[in-house]
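Notes for the one structure printed next.
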Amino acid sequence: MFCLAIETSCDETAAAVVRDGQEVLSNVIASQIEFHKKYGGIVPEVASRLHAETISPIILEALTRAGKELSEIDAVAVTFGPGLVGSLIVGVSAAKALAWAIKKPLIGVNHLEGHIYANFLTPIPQSQVLSFPFICLLVSGGHTSLVLVRGHGNYETIGRTRDDAAGEAYDKVARFLKIGYPGGPIIDKLAKEGNPKAIQFKRPMIEEEFGLDFSFSGLKTAVVNFVNKAGGTENLFSGGTRLVDLCASFQAAVVDVLVEKSLKAAKQHHCQTIALAGGVSANSALRQELKAKAEAKGIVVHIPPLEYCTDNAAMIACAGYYKSINSSFSLAPIASARI
Amino acid sequence: MKTITRSAEETVELGRKIGAVLRANEVVALTGGLGAGKTTLIQGIAQGFGVNDYVTSPTFIIINEYQGRLPLYHFDLYRLEDPGSIEELGVDEYFQRGGVCLIEWAERMTELLPVNRETIEIKLIDENEREICLSSGLAARLK
């Protein structure tokens, strides 16, 4: 089965063709990051307009690279939320029109569900096939949650952030330190040169009483307080504190909490596998720490290739495939959709 | 009215009191820098307003909706530096929907805000202390 998928939930216009939910024939992404960089983040109205301009050429490119005609497509999948509503509408409208034109089923996919399914795209060796149930740590600029995946289409959110997403904390700290956007990769790079133990930031909500929930707003405030106490960044850095140490210490606090709670979730729900999903899976410290600490406990960590971790349409096609074989069709844009 | 809070708990408690007195079609502009304590205060406001959910940051999707004793529209204009994009987003269309609009980084759309809005300004004094300044309409109801 050939599934054409469209993803426009945030600032990437993406289309992909995937065969049987696993073999990626094409995965095309037009990033708007250059446009949004100058604003230090997404501008919804700009995002929506850019999606509308880019969507048709991107779909054509996905078909061309896959070597497929529209008439050979068996189903159209599209992200219906969560995301920016003006952006979602562009993708949903395009998908509806295409499905209608080729008289093929239209499948609505939750963006977060799509991220989880990135783990099924990988041509994994038989020994590493994801087996249910598993824990998915879904962590991006807009989301941070722990999802217990019992089977296809069977999810339970067992932990989530009570305020900011982890990726958002990275963006806001980077902006506060005036080191650029997006904050994740910039801080990750600087952190590699720094000492993660230089500054002891409190690990937010790591205590037992908070269960599997997260909180990152306070950690961002802790960085602000630390800098303010020293009289601003200039004073801080001229006083001997290194930017790389500050970044490494902040990152260590984020990663410690993410890893600790993921392991706790796996233990509580008797899962032998933890899957990573979402853009923050690109973070090198998160990958290393999670792998090392989980494997020490005999837990397998599954990390999709980078190109499927950030927003993309191949993961939507994969989720769409499993939904179609389970005959799960429904579609309307939901800006704050949950799974 | 100026209030000093000396811990996150005190900030939440003040928020609860504010949440309890908010009225239909009220627009509350919330200003304060990064790490000032807006999230903490809003958690309290939502509790006092009868929202039985965590109020997560709307930075990413700009608007979050909650159901308390009335609808609560929680905006975060942090990413919107261009006033034109705020206008096109239709933030002002939410003002008369019978709910309460709580707008973070409201200074980004001052000209589009209704004249009869209430305001909350939060200032970071030090690590634990916050100065929270309420507009007179809001302050009068808390007495």
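Here the structure is a predicted model, which is why all the values come from computation and not from measurement. Protein chains get the first letters and strands the later ones, always in sequence-line order, with residue 1 at the start of each.
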Considering residues, nucleotides and ligands other than A:Glu208, do more than 12 of their heavy atoms fall under 6.0 Å from its CD?
no
Is the count of non-hydrogen atoms from other residues, nucleotides or ligands lying under 6.0 Å from B:Lys123 atom NZ greater than 12?
no
Can you tell which part of B:Ile42 gets under 4.5 Å to a heavy atom of chain A, answering side chain, backbone, both or neither?
neither
Heavy atom to heavy atom, less than 4.5 Å: which residues from residues 218-229 of chain A reach chain B?
A:Lys220, A:Thr221, A:Val224, A:Asn225, A:Asn228, A:Lys229
What residues, two or more places apart in sequence or in another chain, satisfy salt bridge (Lys or Arg N to Asp or Glu O under 4.0 Å) together with A:Lys202?
A:Glu207
Mind checking what makes side chain to side chain contact (heavy atoms under 4.5 Å, CB included) contact with B:Gln96, not counting sequence neighbours?
B:Asn25
Suppose the criterion is side-chain hydrogen bond (donor to acceptor under 3.5 Å, both in side chains): which pairs have a residue in residues 49-59 of chain B, not counting sequence neighbours?
A:Arg160-B:Asp53, A:Arg162-B:Tyr54, A:Glu168-B:Ser57, A:Glu168-B:Thr59, A:Lys172-B:Thr59, A:Asp213-B:Tyr54, A:Arg338-B:Asp53, B:Ser57-B:Thr59, B:Thr59-B:Asp76
